[in-house]
Amino acid sequence: QVQVVESGGGLVQPGGSLRLSCAASGFTLNDYAIGWFRQAPGKEREGVSCISSSDGSTYYAAPVKGRFTISRDNAKNTAYLQMNSLKPEDTAVYYCAADPYSSSYCRPKDFGSWGQGTQVTVSS
């Protein structure tokens, strides 16, 4: 069964860092596109960062570009989202998602398997 589980969220001060983990089971993560998404209160779920299942190309949403880094560890079958220089606007529930089909986009509708979400709160 394809399953992903996020962890690593928490409370951090503006300018701080967090690393989110996405542990995959039931499939080889490297064969799937992986996406990180977030949903803030009152806002729609949006793509944050995605990595392809083919050549490892990445996508970053404009608000996080230069601050966040998506990666995957093949041996651990785990993907990560390193979040640096966090801002209050980054506060949201963050979701990891996986899909066997690569996409040029990073949209929720492109991903079929979702984690439960992990809360990230950026506040002083």
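Side chains included, hydrogens not; waters and symmetry mates left out as well; all remaining heavy atoms used. Predicted model, so just to flag it, every value in this text is computed and none were measured.
Note that OG1 of Thr58 is 8.5 Å distant from NZ of Lys65, once rounded to the nearest 0.5 Å. Here the straight-line distance linking atom OG of Ser21 with atom CD of Gln82 works out to 9.5 Å at 0.5 Å rounding. Taking CH2 of Trp36 as the start and OH of Tyr94 as the end, the distance is 10.0 Å to the nearest 0.5 Å. Between the SG atom of Cys50 and the CG atom of Asp110 there is a distance of 8.0 Å, given to the nearest 0.5 Å. Here the SG-CD1 distance, from Cys106 to Ile34, works out to 11.0 Å after rounding to the nearest 0.5 Å. Atom CG of residue Asp99 and atom OG of residue Ser52 lie 12.5 Å apart, to the nearest 0.5 angstrom.
Neither side chain, Arg19 nor Tyr80, offers a donor N or O lying under 3.5 Å from an acceptor on the other. Side chains of Gln119 and Thr121: a donor on one and an acceptor on the other come within 3.5 Å. Side chain to side chain, Thr78 and Asp73 fail the donor-acceptor criterion of an N or O pair below 3.5 Å. Donor-acceptor pairing under 3.5 Å is recorded for the side chains of Ser57 and Asp55.
Side chains of Tyr95 and Val4 form no contact here, defined as non-hydrogen atoms less than 4.5 Å apart. Between Ser113 and Val2, the closest side-chain pair of non-hydrogen atoms falls below 4.5 Å. Ile51 has its side chain within reach of Arg72: a pair of non-hydrogen atoms, C-beta onward, lies under 4.5 Å apart. Residues Arg67 and Asp90 form a side-chain contact, since some pair of their non-hydrogen atoms from C-beta on lies under 4.5 Å apart. The shortest side-chain heavy-atom distance between Phe68 and Ser85 does not fall under the 4.5 Å cut-off. In this structure the side chain of Val5 reaches within 4.5 angstrom of the side chain of Gln116, judged on heavy atoms. Contact annotation: the side chain of Pro14 never approaches that of Leu86 to less than 4.5 Å [non-hydrogen atoms, C-beta and beyond]. The shortest side-chain heavy-atom distance between Met83 and Leu20 falls under the 4.5 Å cut-off.
Of the possible polar contacts, one joining the Glu6 side chain to the Gly117 backbone as a donor-acceptor pair under 3.5 Å is found. Remark: side-chain polar atoms of Ser53 are not paired, donor with acceptor, to backbone N or O of Tyr32 under 3.5 angstrom. Between the Asn84 side chain and the Thr69 main chain, no donor and acceptor come within less than 3.5 Å of each other. The main-chain N or O of Leu29 is found under 3.5 Å from a side-chain atom of Asn77 such that the two form a donor-acceptor pair.
No chain of hydrophobic side-chain contacts below 4.5 Å, direct or via other Ile, Leu, Val, Met, Phe, Trp or Tyr residues, connects Tyr60 to Phe111.
Geometrically, Arg45 does not engage Phe37 in a cation-pi contact defined by less than 6.0 Å to the ring centre and at most 45° from the axis.
Applying the side chain to side chain contact (heavy atoms under 4.5 Å, CB included) test between Arg38 and each of Val93, Val64, Thr118 identifies Val64 as the sole match.
Aromatic ring centroids of Tyr105 and Tyr59 lie 6.0 Å or more apart.
The two residues Gly9 and Val120 make their nearest non-hydrogen contact at CA-CG2, 4.1 Å.
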